[in-house]
Amino acid sequence: QVQLVESGGGLVQAGGSLRLSCAASGRTFSSYAMGWFRHAPGKERKFVVAINWSGGSTYYEDSVKGRFTISRDIAKNTVYLQMNSLKPEDTAVYYCGAGSSYYPLSPSYGMTYWGKGILVTVSS
C-alpha cells in the first residue's frame with residue numbers, strides 16, 4: 001500500500017513557476033513508477049508526466065515538454081514536478097500517482113495509487 005500527499009500548489013501569474021511535491025509512504029516507494037496528472041475544469045483528467053522507478057526514464061505530455069520537469073528523491077520518498085513558464089491553460093487540480101510501471105496504453109498509465117490532488121491556478 002502506498003499513500004501519496006501532494007503539496008506546493010497555489011496561485012501564480014502566467015510565466016511564473018511552481019514546484020509540486022508528492023510525498024509517499026510505504027517501504028516500496030523506490031520500486032514504483034510515479035506520475036503527475038491534471039484535471040482542468042470541464043475536462044477529463046489528463047496525463048502530464050511520469051518517471052520510472054529508477055528515475056532514469058521520464059515521459060512528458062507534449063504541451064509541457066521544455067517547461068515541466070519531474071524528478072524523484074528516493075531517500076525522501078518524494079517526487080517533484082517543477083513547472084516553469086506556466087500558462088493559464090495549466091490551471092487544474094494536479095494529482096500524483098504511483099504504480100508498478102509506467103504503461104501508457106492504460107487509461108491510468110499504470111498508476112494504481114493516487115493522492116487527493118492539489119490546485120494550481122495560473123492567472124493571465
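The first residue of the sequence shown is numbered 1, and numbering continues consecutively from there.
- Listed here is the closest heavy atom pair of Trp36 and Leu81: NE1-CB, 3.5 Å.
- Applying the ring pair (Phe, Tyr, Trp, His ring centres under 6.0 Å) rule to Tyr102 yields the partners Phe47, Tyr59; only residues at least two apart in sequence or on another chain are considered.
- To the nearest 0.5 angstrom, Thr58 atom OG1 is 14.0 Å from Phe68 atom CZ.
- Following chains of ILVMFWY side-chain contacts shorter than 4.5 Å, one cannot reach Met34 starting from Val93, and the two form parts of different hydrophobic clusters.
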Evaluate Leu20 against Met83 for side-chain contact (heavy atoms from CB on, under 4.5 Å), listing each step before the verdict. CA-CA 8 Å; Leu20 303 184; Met83 305 186 293; 3.7 Å; yes
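- Looking at Ser25 and Val2, their side chains never come closer than 4.5 Å, going by heavy atoms from C-beta outward.
- Across Gly8 and Leu18, no two heavy atoms sit closer than the pair O-CD2, 3.8 Å.
- In this structure, the separation between CZ on Arg67 and OG on Ser85 is 7.0 Å, given to the nearest 0.5 Å.
- With rounding to the nearest 0.5 Å, the separation of OH in Tyr109 from NZ in Lys46 is 9.5 Å.
- Residues Ala24 and Leu4 come closest through the heavy atom pair CB-CD2, 3.6 Å.
- A distance of 9.5 Å separates OG of Ser31 from CD1 of Ile74, quoted to the nearest 0.5 Å.
- Here the closest heavy-atom approach between residue Arg72 and residue Tyr32 is recorded as NH1-O, 2.7 Å.
- Panel note: side chain Arg38, backbone Val120; no donor-acceptor pair is recorded below 3.5 Å.
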Thr69 and Tyr60: CA distance, side-chain angles, deciding distance, side-chain contact (heavy atoms from CB on, under 4.5 Å) verdict: CA-CA 9 Å; Thr69 303; Tyr60 291 88; 3.9 Å; yes
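- Residue pairs that meet the disulfide (SG to SG under 2.5 Å) test with at least one member in residues 66-124, sequence neighbours left out, are Cys22-Cys96.
- Between Ala14 and Pro88, the closest heavy-atom pair is CB-CD, 4.1 Å.
- Hydrophobic clustering (side-chain heavy atoms under 4.5 Å, transitive across Ile, Leu, Val, Met, Phe, Trp, Tyr) keeps Phe37 apart from Ile51.
- To the nearest 0.5 Å, atoms OG (Ser124) and NZ (Lys87) are separated by 14.0 Å.
- Ionic pairing of Asp62 and Lys65 is present here: one or more N-O contacts between side-chain nitrogen and carboxylate oxygen are shorter than 4.0 angstrom.
- Pairs passing the side chain to side chain donor-acceptor pair (under 3.5 Å) check and including a residue from residues 111-120, sequence neighbours excluded, do not occur.
- Residues satisfying the side chain to side chain donor-acceptor pair (under 3.5 Å) test with Arg19, not counting sequence neighbours, are none.
- Cluster membership check: Leu86 shares its hydrophobic cluster with Val48, using side-chain heavy-atom separations under 4.5 Å among Ile, Leu, Val, Met, Phe, Trp and Tyr.
- Remark: Glu61 engages Ser63 in a side chain to side chain donor-acceptor pair (under 3.5 Å) (not counting sequence neighbours).
- For Gln3, the CD atom sits in a loose shell: 12 or fewer heavy atoms of surrounding residues, nucleotides or ligands are nearer than 6.0 Å.
- Judged as a side chain to side chain donor-acceptor pair (under 3.5 Å), and not counting sequence neighbours, the contacts of Asn84 are Ser17, Gln82.
- Taking all atoms of both residues into account, the shortest heavy-atom contact from Val122 to Thr91 is N-OG1, 2.9 Å.
- Here the straight-line distance linking atom CG of Leu119 with atom NE2 of His39 works out to 12.0 Å at 0.5 Å rounding.
- Note: the hydrophobic cluster containing Tyr80 does not contain Val49 (ILVMFWY, side chain heavy atoms under 4.5 Å, direct or indirect links).
- Proximity of a side-chain donor or acceptor of Asn52 to a complementary backbone N or O of Ala33 within less than 3.5 Å is not detected.
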